[in-house]
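Worth saying up front: this structure is predicted, and the values here are computed from it rather than measured.
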Protein chains: 2
Amino acid sequence: MLADMVSVSARPRECSIARTLEIVGEKWALLAVREVFLGNGRFDEMVRRTGAPRDTMATRLRALVGTGILERRQYSEHPARFEYHLTEAGRDLYPVILTLMHWGDKHLAGPGGVPLVLEHRCGHRLSAELVCQACGEPVVAEQTRPVRTR
Amino acid sequence: MLADMVSVSARPRECSIARTLEIVGEKWALLAVREVFLGNGRFDEMVRRTGAPRDTMATRLRALVGTGILERRQYSEHPARFEYHLTEAGRDLYPVILTLMHWGDKHLAGPGGVPLVLEHRCGHRLSAELVCQACGEPVVAEQTRPVRTR
DNA sequence: CTGTGTTAGTCCGGAATCTGGACTCACTGT
DNA sequence: ACAGTGAGTCCAGATTCCGGACTAACACAG
């Protein structure tokens, strides 16, 4: 009868981070998405450029289509051929991909510099930064705090 | 003898995203980091609030310490007790965590609204956005392109 | 000093997943 | 007729994951 009291605050948080990771929190899933961002929507090419086992890639792609991040479109009728495209939700993952890349560039760059440079349409080399929409200041952990709701 | 020609462009990309995911590209690892950001550095608490198997959490924490994302500090001598803290590199993961959370808030919010609201020190509810450091414009995938280096 | 808690793990065995490689099927282009 | 491509599937062995039980070392209550 005490079980409930004991388990108060004992269960995992409800959390958007956890929920998101449930869907894309796996190397091959995110690398598949990276490939599509880079313009590679074909199965074989994705396997080649990511290094994922074909089997695993097939499974991940099915899941990503299932959760509405990718869309599988036929681009050739007779030899039936397909290509994966980003949905709206998929495109929204760009910031995730970029922040991961940024972290890797900073903390894991090899001797040859960063592996991939992106250019923004403004003409500069892209270096993206997370800012508060309200005040425009860069966001750092120490300057935010959780708000109690319930 | 043709093997080399055939394999040209056939190997996985070198990529900061892939490298980063090699380290934090796993649910429990990132959720452990989330907990530390939220001020929870104790093992038991982390297990409780993430829902990870204790075993797995122990393994992840070892790895995160090994790669320099967390630091294990003793906070009590006699009953030897430890707490995990973020290193500089760990703190740099904040944007990754935030963009994941933002995506989840937008695409997976339940009926009760988003599970966790953060407040920026500017007083507003935090809604973070990725902008180009050069021009200040929000970054969208279509407005960036890879630059050929090698 | 006995019993109950707390913290930080470890140990275990079965279940689920991952992996690389071979294989398929339906074409196409030479 | 033969090699090639694209999109997978199948397989068996290796690896990881998972939940639950267990340990050790103390603190505090009664």
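For the pair A:F82 CZ and D:dG8 P, the interatomic distance rounds to 6 Å; values are reported in whole Å. Computed from coordinates, the B:M57 CE to C:dG9 P distance equals 11 Å when rounded to whole Å. Going from atom CD of B:E77 over to atom P of C:dA8 covers 15 Å, rounded to whole Å. Distance CG (A:D55) to P (D:dC11): 11 Å, rounded to an integer number of Å. The distance from atom CD of B:E45 to atom P of C:dT7 is 7 Å, rounded to the nearest whole Å. When the C1' atom of D:dG6 is taken as reference, atom CG of A:N40 falls 13 Å away, rounded to whole Å.
Remark: the backbone N or O of B:L100 is paired with a side-chain donor or acceptor of A:T20 at under 3.5 angstrom. Formation of a donor-acceptor pair under 3.5 Å by the A:T87 side chain with backbone atoms of A:I69 is found in this model. A donor-acceptor pair under 3.5 Å is absent between the side-chain atoms of A:W103 and the main chain of A:L108, judged by distance alone.
Along DNA chain D, the nucleotide nearest to B:A80 and the one nearest to A:A58 differ in position, and the one closer to the 5' end is contacted by A:A58.
Contact annotation for B:F43: base contact, defined as any heavy-atom pair under 4.0 Å involving a base atom. Within 4.0 Å of A:R54, counting heavy atoms only, lies at least one base atom of the nucleic acid.
Taking side-chain N and O atoms only, B:W28 has a distance below 4.0 Å to OP1 or OP2 of D:dC18. Distances shorter than 4.0 Å separate some side-chain N or O of B:Y84 from OP1 or OP2 on C:dG9. In this structure, B:R73 does not reach the C:dA8 phosphate: none of its side-chain N or O atoms is under 4.0 Å from OP1 or OP2. A:R60 has no side-chain polar atom (N or O) that falls below the 4.0 Å cut-off from OP1 or OP2 of C:dT19. Listed pair A:R42 / D:dG8 fails the phosphate criterion, with no side-chain N or O lying under 4.0 Å from OP1 or OP2. For the OP1/OP2 pair of D:dG8 and a distance below 4.0 Å, the side-chain nitrogens and oxygens of A:R72 include at least one atom meeting the criterion.
With distances taken from any side-chain atom of B:Y75 to the nucleotides D:dA7, C:dA8, D:dA27, the minimum falls on C:dA8. With C:dT7, D:dC17, D:dC26 as the candidates, the nucleotide lying closest to the side chain of B:R48 is C:dT7. Comparing atom distances between the B:P53 side chain and each of D:dA7, D:dC18, D:dC26 picks out D:dC18 as nearest. In this structure, of C:dC27, D:dC18, C:dT6, it is D:dC18 that holds the atom nearest to the side chain of B:T56. The side chain of A:E26 has C:dC18 as its nearest neighbour among D:dG6, C:dT10, C:dC18.
Annotation: side chain of B:R13 is not in contact with side chain of A:P115 (no heavy-atom distance under 4.5 Å).
Annotation for B:Y75 and B:F82: closest pair CE2-O, 3.3 Å, computed over non-hydrogen atoms.
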